[in-house]
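Notes follow once the structure below has been shown.
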Amino acid sequence: MASPSQASLLLQKQLRDLCKHPVDGFSAGLVDENNLFEWSVTIIGPPDTLYEGGFFNAIMSFPQNYPISPPTVRFTSEIWHPNVYADGKVCISILHPPGDDPNGYELASERWTPVHTVESIVLSIISMLSSPNDESPANVEAAKEWRENREGFKKKVSRCVRRSQEMM
């Protein structure tokens with residue numbers, strides 16, 4: 001039998017740490033107990049934000065060379081946000097591959113580094129929910145609405161929050 005990879009040992013440790021010391025604002029576990037590389041995450045909408053009261057589910061998929069390369073995070077719950085693609089994929093700097101940004105928007109220091117953990121990633125996503133970045137949006141329509149029609153934006157987010165509550 002092959003020895004466990006560095007990635008699987010690290011993911012095992014991070015899962016164990018989160019189980020022993022849960023972090024406010026989210027819960028995480030494995031989608032399938034036989035696969036350490038795919039996690040199910042539920043993010044609780046942060047207090048005092050438009051997302052407050054929501055329960056947003058996501059899948060975090062880790063590459064075999066984690067932590068050298070970042071995981072991907074995709075919301076499976078409907079969510080309206082400038083930094084979330086229509087397919088649910090989260091777009092934040094720390095999930096972008098390490099090194100210089102080919103588009104010149106981000107500093108290398110803002111991108112993925114192997115010191116990030118599941119906890120730091122999810123806390124960054126919670127922060128993203130609190131303060132959208134409409135300068136470099138993944139969802140151009142949501143960013144435009146965020147800037148130009150805040151009431152319309154709030155209504156769409158409220159609908160997402162309600163739907164997330166109904167799914168619980």
Side-chain angles (χ1 to χ4, degrees), residues 18 23-29 31 37-63 65-168:
L18 283 171
V23 178
D24 282 347
F26 76 94
S27 65
V31 171
F37 292 88
E38 193 165 78
W39 291 34
S40 173
V41 178
T42 299
I43 296 174
I44 300 161
D48 304 318
T49 71
L50 299 177
Y51 300 90
E52 182 173 17
F55 298 93
F56 302 99
N57 296 316
I59 300 292
M60 191 177 287
S61 301
F62 297 89
N65 69 342
Y66 176 81
I68 303 305
S69 295
T72 58
V73 180
R74 187 178 55 77
F75 280 103
T76 55
S77 301
E78 180 186 346
I79 191 158
W80 184 246
H81 192 283
N83 307 115
V84 179
Y85 287 100
D87 69 356
K89 188 174 176 192
V90 175
C91 179
I92 54 175
S93 299
I94 68 162
L95 293 178
H96 296 157
D100 291 325
D101 179 4
N103 301 312
Y105 289 118
E106 301 164 335
L107 299 172
S109 61
E110 296 172 318
R111 296 166 71 89
W112 177 258
T113 64
V115 299
H116 285 296
T117 62
V118 170
E119 181 179 340
S120 68
I121 294 163
V122 178
L123 292 174
S124 292
I125 294 169
I126 291 169
S127 174
M128 172 202 81
L129 292 176
S130 302
S131 45
N133 173 4
D134 62 358
E135 296 299 312
S136 161
N139 182 331
V140 175
E141 289 301 310
K144 187 174 183 216
E145 194 167 50
W146 168 256
R147 282 192 299 262
E148 298 172 8
N149 179 7
R150 196 63 61 97
E151 281 311 306
F153 184 88
K154 286 179 183 178
K155 280 183 185 164
K156 283 187 179 148
V157 171
S158 291
R159 197 171 27 236
C160 292
V161 168
R162 266 195 319 280
R163 285 188 182 140
S164 78
Q165 293 166 336
E166 291 165 1
M167 298 303 228
M168 290 309 283

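Across every non-hydrogen atom of L18 and A28, the tightest pair is CD1-CB, 4.3 Å. In plain terms, the two heavy atoms of I44 and F26 that are nearest each other are CD1-N, 4.4 Å. Considering all non-hydrogen atoms of both residues, P98 and P70 come closest at CD-CD, 4.3 Å. Considering every non-hydrogen atom in both N133 and S136, the closest pair reads OD1-N, 3.7 Å.
Within the 4.5 Å cutoff, the side chain of V41 has heavy atoms near those of the V122 side chain. Between T117 and S120 there is a side-chain heavy-atom pair separated by less than 4.5 Å. For the pair E38/I59, a side-chain contact is recorded, criterion being any heavy-atom separation below 4.5 Å from C-beta on. By the 4.5 Å heavy-atom criterion applied to side chains, P71 and L95 are counted as neighbours. By the 4.5 Å heavy-atom criterion applied to side chains, H96 and C91 are counted as neighbours.
A perpendicular orientation is assigned to the rings of Y66 and F62, their planes being inclined by more than 60° (bins at 30° and 60°). Between H81 and Y51, the angle of the ring planes lies from 30° to 60°, which puts this pair in the tilted group. Between F153 and W146, the ring planes lie perpendicular to each other; the angle is over 60°, past the 30° to 60° tilted range.
Judged by distance alone, with hydrogens and angles left aside, the side-chain atoms of S77 form a donor-acceptor pair with the main-chain N or O of N57 at under 3.5 Å.
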Review point. Can you check side-chain contact (heavy atoms from CB on, under 4.5 Å) on V161 and F56, steps first, answer last?
Key: CA-CA 8 Å; V161 168; F56 302 99; 3.9 Å; yes

Practice item. Go through the steps for S164 and E78 under the test side-chain contact (heavy atoms from CB on, under 4.5 Å), then give the verdict. Key: CA-CA 8 Å; S164 78; E78 180 186 346; over 6 Å; no

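Of the charged side-chain nitrogens involved, at least one lies within less than 4.0 Å of a carboxylate oxygen, so that K154 and E151 count as a salt-bridged pair. Taking the charged nitrogens against the carboxylate oxygens, R111 and D101 do have a contact shorter than 4.0 Å, which makes a salt bridge.
Within 6.0 Å of the NZ atom in K89, the count of heavy atoms belonging to other residues, nucleotides or ligands does not exceed 12. No more than 12 heavy atoms of other residues, nucleotides or ligands sit less than 6.0 Å from atom CG of D24.
Exactly one of V84, L50, I43, N83 qualifies for a side-chain contact (heavy atoms from CB on, under 4.5 Å) with L129. That residue is I43. Paired with W80 under the rule side-chain contact (heavy atoms from CB on, under 4.5 Å), one option of R159, E145, K155 passes, and it is E145.
Rounding to the nearest 0.5 Å places OG of S131 at 12.0 Å from CD1 of I126. To the nearest 0.5 Å, atoms CD1 (I94) and NE2 (H116) are separated by 4.5 Å.
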